[in-house]
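As the structure is a prediction and not an experimental result, all values here were calculated from the model.
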Amino acid sequence: MSHPRRLWLILVALAGLVLSLGTVPRAAEAAAAGTFRNPVGTKPDPFMTYFNGNYYLTMTEGDSIRIRKSPSVAGLLRASAITVWTDTDAGRNKNVWAPEFHRFNGRWYMYYTADNGIDDNHRLYVLESDGDDPAGSYHFRGQLLPPNHDKFAIDASILQQNGRMYVAFAGINQWQHNGIMIAPLSDPWTVSGNAVPINAAGGCSTIREAPEFLQRNGTTYMVYSTCDTGLPDYQLWQLSIPSTADPLVAASWTQRSGAIFSRNDAAGVYGPGHNGFFTSPDGTETWMVYGAKATSVTTYTNRVSRIQRIGWNADGSPSLGRPLAVGATQDLPSGDPGPSTAWINDDGRTSGNGSLALTGSWSSGTGCGVQCFWGDDHWSAATGATATLTFTGTQLGLLSVRDTGNGIAAISVDGGAETSVDFYGAIRVGEALTYLTPKLAYGTHTVRVRVTGTKSSASAGTVVSLDRAEIWTN
């Protein structure tokens, strides 16, 4: 059962839960107006912008390019995927990675990388929108091909400086297979000169990729990712250049020493990188979207998209701070209309109008630590055991532990037909989105999770886990 809010806030204060711990900062304020929690997407390599009353988010999908659209960041996780591009050309319709979109002269240009099924055949491509809408439709414009670099290339981004346009990307240079390259553009879809390599530092000998740009007070900042994306030490570094300088002159770039955004073990955040920047709806705040995972195991899975606000250092450079725990409650961006989402923890605590009732045999504990919301979860392998979540709103998302010994649950909404949901995961992680109800009419609803005692052939057990539920009210 949920605790009365005032008593609970007093207990939290006495327990000394503070932001600096990096686990679930400000979770006690979750019921306040204007808050949300990550993730905003369940895939990696995110790019995001705010335009004409909506946020637009794209991520690596692999087989196509899709966009999620929502008037509030709090709604992105449940937003429907809009497919804006699927290619029939077998030479470039595999391993579609890292799309991002930029607006020039009332049209949107989608930059992405794809291959024919062979990784070293990744090349850069660009689409053009048919109207002034980031969500499409789009048509194919062509390949971005520097005369001196018809070889592996990924992670294109656009820089505008001194009235000229450039594409920066990761490609083969004398220092890395994935190294920073910059080439001039004569228009959003045409490369007009050779690519120039940049000898960027990175704390490891491999990987310099996903360059992104911020411009402020006469300086251009390039933030890029280093080390392999499967490693927990994937991180962000920075180069800078005066906004009046030529970015094709490699010596004009100044290297900042050390990572500016990296793993935060205390908050259960590993491998934060491949980021983008966007502004709040009212233009007063700068935010970052990035990918990260909740395990220190080397893996290319479990990379989800998260956002958090950034600040500025005394020298004017971006201050990205520390990665927040995935369930950390944050204020909505300035001007974001919300509404806030609410949560129900696995022990019944809630920030809104919700409750949890368990029947049958369930266990609980804190073994998942920082991987889980509030550091705990409930689990059961007892066939027929149930967990019933009651909430007032329009939609509920269930975030759970996935693990090698997890099995299959049967989930029903308002007593309707059951849906089978597999809680298995090859690597243990917490707060993974396992189920999202359909959007419902506003009111009081129930979601019942039933342990079936069955499992997939890959799993070693039939455990079903509860970590937290996220509730939408609109």
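Taking 4.5 Å as the limit, some side-chain heavy atom of Asn406 sits within range of a side-chain heavy atom of Ser465. With contacts defined as side-chain heavy-atom distances shorter than 4.5 Å, the pair Phe373/Trp343 qualifies. Looking only at side-chain heavy atoms (C-beta outward), Val413 and Leu440 come within less than 4.5 Å of each other. Under the 4.5 Å side-chain criterion, counting only non-hydrogen atoms from C-beta, Pro184 is not in contact with Met165. Phe277 has its side chain within reach of Val223: a pair of non-hydrogen atoms, C-beta onward, lies under 4.5 Å apart. At least one side-chain heavy atom of Met48 sits under 4.5 Å from a side-chain heavy atom of Leu76. Side-chain contact between Glu209 and Ile154 is present, with heavy atoms from C-beta onward closer than 4.5 Å. Residues Thr301 and Arg303 fail the side-chain proximity criterion, which asks for heavy atoms closer than 4.5 Å.
Taken to the nearest 0.5 Å, the OG1 atom of Thr254 stands 8.0 Å off from the CD1 atom of Ile241. Taking CG of Leu77 as the reference point, atom CG of Leu399 lies at 7.0 Å (rounded to 0.5 Å). A distance of 4.5 Å separates CD of Glu285 from OG of Ser334, quoted to the nearest 0.5 Å. Distance CH2/Trp237 to CG/Leu239: 10.0 Å, rounded to 0.5 Å. If you take CD on Gln235 and OG1 on Thr226, they are separated by 4.0 Å, rounding to the nearest 0.5 Å. The structure places OH of Tyr56 at 10.5 Å from OG of Ser70, a figure rounded to the nearest 0.5 Å.
Residues Trp108 and Tyr138 keep their aromatic ring centres 6.0 Å or farther apart. Residues His149 and Phe169 bring their aromatic ring centres within 6.0 Å. Aromatic ring centres of Phe261 and Tyr290 lie closer together than 6.0 Å. Side-chain rings of Phe47 and His102 approach one another, their centers coming within less than 6.0 Å.
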Next item on the list: List the steps, then state whether side-chain hydrogen bond (donor to acceptor under 3.5 Å, both in side chains) holds for Gln395 with Thr437.
Entry: CA-CA 6 Å; Gln395 200 165 18; Thr437 72; 4.6 Å; no
Test log, rule side-chain hydrogen bond (donor to acceptor under 3.5 Å, both in side chains), inputs Glu470 and Trp472: CA-CA 7 Å; Glu470 198 76 11; Trp472 289 268; over 6 Å; no
- Query: Would Glu431 and Lys293 count as a salt bridge (Lys or Arg N to Asp or Glu O under 4.0 Å) if you check the C-alpha gap in whole Å, the side-chain angles of each, and the deciding distance to 0.1 Å?
  - Reply: CA-CA 11 Å; Glu431 296 189 74; Lys293 55 191 177 183; over 6 Å; no
*Let me see the working for Gln161 and Ser243 under side-chain hydrogen bond (donor to acceptor under 3.5 Å, both in side chains), right down to the final yes or no.*
CA-CA 6 Å; Gln161 181 142 314; Ser243 297; 4.6 Å; no
query = Arg468 and Asn345: side-chain hydrogen bond (donor to acceptor under 3.5 Å, both in side chains), yes or no, with the steps?
reply = CA-CA 5 Å; Arg468 72 166 157 114; Asn345 191 38; over 6 Å; no
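Among Glu61, His274, His122, the single residue meeting the side-chain contact (heavy atoms from CB on, under 4.5 Å) criterion with Trp97 is His122. Only one option out of Thr58, Thr60, Thr83 pairs with Ile65 in a side-chain contact (heavy atoms from CB on, under 4.5 Å); it is Thr58.
In the model, Tyr55 has a side-chain atom that pairs as donor or acceptor with a side-chain atom of Asp336 under 3.5 Å. In this model, no donor atom of one side chain and acceptor atom of the other lie less than 3.5 Å apart for Arg256 and Ser240. Of the N and O atoms on the side chains of Ser400 and Thr434, at least one donor lies less than 3.5 Å from an acceptor on the other residue. In summary, the side chains of Ser157 and Glu100 do present a donor paired with an acceptor at a separation below 3.5 Å, with no hydrogens or angles considered. Between the side chains of Glu128 and Tyr109, at least one donor N or O sits under 3.5 Å from an acceptor N or O.
Considering every non-hydrogen atom in both Pro211 and Asp155, the closest pair reads CD-O, 3.7 Å. Closest of all the heavy-atom pairs between Pro272 and Pro232 is CD-O, 4.5 Å. Summarising the geometry of Ser72 relative to Leu332, their closest heavy-atom pair is OG-CD2, 4.0 Å, with the distance given to 0.1 Å.
The pair Arg263-Asp265 counts as a salt bridge, with a side-chain nitrogen and a carboxylate oxygen less than 4.0 angstrom apart. Salt bridge annotation for Arg92-Asp87: present, with a cationic side-chain nitrogen under 4.0 angstrom from a carboxylate oxygen. Ionic pairing of Arg309 and Asp331 is not present here: no N-O contact between side-chain nitrogen and carboxylate oxygen is shorter than 4.0 angstrom. Under a 4.0 Å N-O distance rule, the pair Arg141/Asp187 does not qualify as a salt bridge. Using a cutoff of 4.0 Å between basic side-chain nitrogens and carboxylate oxygens, Asp120 and Arg123 are not scored as salt-bridged. For the pair Asp132 and Arg103, the salt-bridge criterion is met [side-chain N within less than 4.0 Å of a carboxylate O].
The closest donor-acceptor contact from the side chain of Ser305 to the backbone of Gly41 lies at 3.5 Å or more, if one exists at all.
Within a 6.0 Å radius of CG in Asn105, other residues, nucleotides and ligands contribute 12 heavy atoms or fewer.
Pairs of residues two or more places apart, or lying in two chains, that qualify as disulfide (SG to SG under 2.5 Å) and include a residue from residues 156-248 are Cys204-Cys227.
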